[in-house]
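Sequential numbering from 1 along the given sequence is applied to the chain's residues.
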Amino acid sequence: MKTTKWAIDPTHSEITFKVKHLMISNVKGEFRTFRANIDGEDFTNSTISANIDASSISTNNEDRDTHLKSPDFFEVENYPEITFVSTSIKKVKDNEFQLVGDITIKGVTKEITLDTEFGGYMKDPYGNEKAGFSINGKLNRKDFGLNWNSALEAGGVMVGNEIKINAEVQFVKQ
């Protein structure tokens, strides 16, 4: 029996993040190049995988993006991809789930739990079957060797350790 496959629709999907800057506000960024798949008809019993091009990071500031790609952070020359592979999907209630999996950043793999809302299925005007999800989570950047920081004269640090992750994604049935 052939497994149903779903592939991400990159034109209707985004992967964004927020991190505290100067301990007073959030800076938002995104990864512009990524691919993801769901292997299975019922996503609750499927494997979900994603590959993110680390060099596609964008924070709307070229100097900051260059620094984020450097060895101080993602070291994209040696670690070009961020990967995720699900290990379980647990229903919380109605269309709310906990997506658990292994994320690898800069060669370090850790388990992460992502709050996932299933938006439903819909056929687009071209007859393609789509599935939509909103995914939220957080991680500590230092767990992955993203340690650079700078102490502030007034106390505190320039960059927070907690990274808030958000993905708004549509998958198309293959």
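- The shortest distance between side-chain heavy atoms of K123 and N128 does not fall below 4.5 Å.
- Ion pair E30/K18 not flagged as a salt bridge, since none of the NZ, NE, NH1 or NH2 atoms sits closer than 4.0 Å to an Asp/Glu carboxylate oxygen.
- A donor-acceptor contact closer than 3.5 angstrom links the side chains of D42 and T44.
- Listed by chain and residue number, T104 satisfy the side chain to side chain donor-acceptor pair (under 3.5 Å) test with T109 (two or more places apart in sequence, or in another chain).
- Ring pair F43/F97: centre-to-centre distance below 6.0 Å.
- Scanning for salt bridge (charged side-chain N to carboxylate O under 4.0 Å, His left out) contacts around E14 gives an empty result, with sequence neighbours left out.
- The salt bridge (Lys or Arg N to Asp or Glu O under 4.0 Å) pairs that include a residue from residues 102-114 are E75-K106, where partners are two or more places apart or lie in different chains.
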Subject >> Derivation of the side-chain hydrogen bond (donor to acceptor under 3.5 Å, both in side chains) call for D65 and T59 >> reply: CA-CA 6 Å; D65 294 347; T59 62; 2.5 Å; yes
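- In this structure, V27 and R64 have side chains that are in contact, with non-hydrogen atoms separated by less than 4.5 Å.
- Taking the side chain as every heavy atom from C-beta outward, F133 and I38 approach each other to under 4.5 Å.
- Between I15 and I52, the closest side-chain pair of non-hydrogen atoms falls below 4.5 Å.
- Between V76 and D53 there is no side-chain heavy-atom pair separated by less than 4.5 Å.
- Taken from CG in D39 to OG in S46, the straight-line distance is 7.5 Å, to the nearest 0.5 Å.
- Looking at V100 and K90, their side chains come closer than 4.5 Å, going by heavy atoms from C-beta outward.
- Between G137 and L114 the shortest heavy-atom distance is CA-CD2, 3.8 Å.
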Original post:
Taking it one step at a time, do N166 and E168 satisfy side chain to side chain contact (heavy atoms under 4.5 Å, CB included)?
Top reply: CA-CA 7 Å; N166 174 262; E168 298 293 334; 3.4 Å; yes
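- There is a path of hydrophobic side-chain contacts, each under 4.5 Å, that joins V108 to F84.
- Atoms CZ and CD, from F17 and E162 in turn, are 14.0 Å apart once rounded to the nearest 0.5 Å.
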**OP:** Please lay out, stage by stage, how K164 and V19 fare under the test side chain to side chain contact (heavy atoms under 4.5 Å, CB included).
**Re:** CA-CA 7 Å; K164 294 178 182 175; V19 63; over 6 Å; no
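- Listed for the Q174 side chain is a donor-acceptor partner under 3.5 Å among the backbone atoms of V172.
- Side-chain contact between I103 and F144: present, with at least one pair of heavy atoms (C-beta onward) separated by less than 4.5 Å.
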**OP:** Could you check F74 against I82 for side chain to side chain contact (heavy atoms under 4.5 Å, CB included), going step by step and ending with a plain yes or no?
**Re:** CA-CA 9 Å; F74 288 101; I82 298 166; 3.7 Å; yes
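- Atom CZ of F73 sits about 12.5 Å away from atom OG1 of T66, to the nearest 0.5 Å.
- Between the side chain of S13 and the backbone N or O of P10 there is no donor-acceptor pair closer than 3.5 Å.
- Residue F171 is grouped with residue Y121 when hydrophobic side chains (ILVMFWY) are merged at heavy-atom distances under 4.5 angstrom, including chains of intermediate members.
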Original post:
Can you list the steps and then say if I165 with N136 is a side chain to side chain contact (heavy atoms under 4.5 Å, CB included)?
Top reply: CA-CA 6 Å; I165 303 163; N136 293 287; over 6 Å; no
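- The backbone N or O of S55 sits less than 3.5 Å from a side-chain atom of K69, completing a donor-acceptor pair.
- Atoms NE2 and CG, on H67 and N61 in that order, are 12.0 Å from each other to the nearest 0.5 Å.
- Rounding to the nearest 0.5 angstrom, the gap separating the CD1 atom in I89 from the CD1 atom in I48 is 3.5 Å.
- Closest non-hydrogen pair, K142 versus N161, comes out as CE-OD1, 3.4 Å.
- S70 places a side-chain N or O within 3.5 Å of a backbone atom of D72 that can act as its donor or acceptor partner.
- One N or O on the side chain of D124 and one on the backbone of Y126 form a donor-acceptor pair closer than 3.5 Å.
- Note that CZ of F31 and OG of S58 are 10.0 Å apart. Values are rounded to the nearest 0.5 Å.
- With T83 contributing its side chain and N51 its backbone, the two residues share no donor-acceptor pair below 3.5 Å.
- Atom CD of E77 has 12 or fewer heavy atoms from other residues, nucleotides or ligands within 6.0 Å.
- The environment of K138 atom NZ is sparse: at most 12 non-hydrogen atoms of other residues, nucleotides or ligands sit within 6.0 angstrom.
- Taking every heavy atom of both residues into account, Y79 and A54 meet most closely at O-CB, 3.9 Å.
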